[in-house]
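Reviewing the structure listed below.
Every heavy atom of this structure was used, including side-chain atoms; hydrogens, water molecules and symmetry mates were not. Numbers restart at 1 for each chain; the letters A, B, ... are given by sequence-line order, proteins then strands.
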2 protein chains.
Amino acid sequence: MARPRAALRGQILNSALRLFAAHGFRATSLQDIASDAGCSKASLLYHFANKDAILTELLAPLRRRGSELRAELAPLTGEPLVRAAVTGFVDMALAFRYELTVLFHDLPGTTGHLAADPDHDLPLIASLAGRSDDPRDRAAAWLVLGGVAISAYAAPTTDAVLREELIRAALRALGHDPDRPPSS
Amino acid sequence: MARPRAALRGQILNSALRLFAAHGFRATSLQDIASDAGCSKASLLYHFANKDAILTELLAPLRRRGSELRAELAPLTGEPLVRAAVTGFVDMALAFRYELTVLFHDLPGTTGHLAADPDHDLPLIASLAGRSDDPRDRAAAWLVLGGVAISAYAAPTTDAVLREELIRAALRALGHDPDRPPSS
DNA sequence: ACAGTAACTGACCGATCGGACAGCTTTGAC
DNA sequence: GTCAAAGCTGTCCGATCGGTCAGTTACTGT
């Protein structure tokens, strides 16, 4: 019953992602993942060093996309920056909705204290706020960040309408007119 | 060392709220709470039937306020409804920021499936959307709901500026003009 | 002083979980 | 066919957790 390496490995990641998103990281045992993936718990630990390694590999694509987005936003300023940040983050949230669910649910050390470090504050927040230090712009940016993330997995659908309207609502919240495509 | 009943009980609730918000419900053991509250684990279970009972009592005020808000919004319609829903929810989120943190962090069965509970949270979504069934209004309502909740605990401050700007950003997201206090 | 009751505790228990390990089975190169 | 490596598993282990229970201490009414 020895499969090619990638097969079971991918199945484990699929099962883990679904179970982590549904019940949380801590609430999901290795046995739960193994049962869902159709293998033994020991087999999990053959493919992954430990439980955290599964989570790390699961969130790697999300982190990668986050880094890309950060790089894309770096040279921008003003309204084009905000628009790119909004569309980029909405698309990322929709593409990685389950991964975001896992992040929000069960990693207080990662998500809950994001803001506790004013210096290490999310670059994405800065971009959404148009690199403004005004607490009012920051508040709106936080609202958009959290709202989009929650909507991505809590809203019943993920079709094009949701994407479009999330972008529009986010731009309105940030004080930008959604119906003015070119720059200001 | 027998204190009046309310003393240690309140201390336990204080410790539990802080620890649950900081590390999550599951990640906080009864021993953690007992140590923080300055008593034994057995003493916890003298005052509370079990771990869930602590959580239930901890979230009771939040639930009560939610019911009140729902009742207040019931007779309203149109723009006054949306304004009342926004201000009511922002104030509730700021007043119960730690409780909301607990809810968001570690209760996928409660928070992750908010949308699956038509009785409890859909009324608030409906109110924020002005009782519209348009998916676009619903999307904006979801963004506001999640964004305010996240902002309440993730934003570094909870002063009047944050409150005011959360309300304004939420109203903008929902397509209403924050600078027009009277009804439409 | 004494009894009764409320508050509190140390010690213990069963269940569960993450992980280690030795060994079995399949695959593929020669 | 041979054999080494890769894939996989059953079983065991230590740690931790929620919860129980018998017993102790402190308070209060009489």
Salt-bridge contact R65(B)-D91(B) (side-chain N to carboxylate O under 4.0 Å): no
Quick one: the side chain of K41(B) and the base of dG19(D), do they pair up donor-acceptor inside 3.5 Å? yes
Less than 6.0 angstrom from the centroid, inside 45 degrees of the normal: does R26(A) satisfy that with respect to the ring of F25(B)? no
Contact nearer the 5' end of DNA chain C, comparing A49(A) with S43(B): S43(B)
Contact class for S29(B) vs. all strands (heavy atom < 4.0 Å): base, sugar-phosphate, or nothing? sugar-phosphate
Counting the atoms with a prime plus P, OP1 and OP2 as sugar-phosphate, which does L30(A) contact under 4.0 Å by heavy atoms, base, sugar-phosphate, or nothing? sugar-phosphate
Report the distance from atom [atom1] of [X] to atom [atom2] of [N], rounded to the nearest whole Å.
X: L45(B); N: dA22(D); atom1: CG; atom2: C1'; result: 15 Å
X: L19(B); N: dG18(D); atom1: CG; atom2: P; result: 12 Å
X: I12(A); N: dC8(D); atom1: CD1; atom2: C1'; result: 10 Å
X: K51(A); N: dT16(C); atom1: NZ; atom2: P; result: 15 Å
X: N50(A); N: dC17(C); atom1: CG; atom2: C1'; result: 14 Å
X: D32(A); N: dT16(C); atom1: CG; atom2: P; result: 11 Å
X: Q31(B); N: dC8(C); atom1: CD; atom2: P; result: 16 Å
X: L44(B); N: dA7(C); atom1: CG; atom2: P; result: 15 Å

So, does H47(A) get its side chain near the phosphate of dA6(D), meaning an N or O under 4.0 Å from OP1 or OP2? no
Phosphate oxygens OP1/OP2 of dA7(C): is one of them under 4.0 Å from a side-chain N or O of Y46(B)? yes
Would you check if the side chain of T28(A) reaches a backbone N or O of L19(A) as a donor-acceptor pair within less than 3.5 Å? yes
Is the backbone of Q11(A) close enough, under 3.5 Å, to the side chain of N14(A) for a donor and an acceptor to pair up by distance? no
Hey, which sits more toward the 5' end of DNA chain D by its nearest nucleotide, R26(A) or A42(A)? A42(A)
Contact summary for L8(A) and A37(A), nearest pair of heavy atoms: CD1-O, 4.2 Å
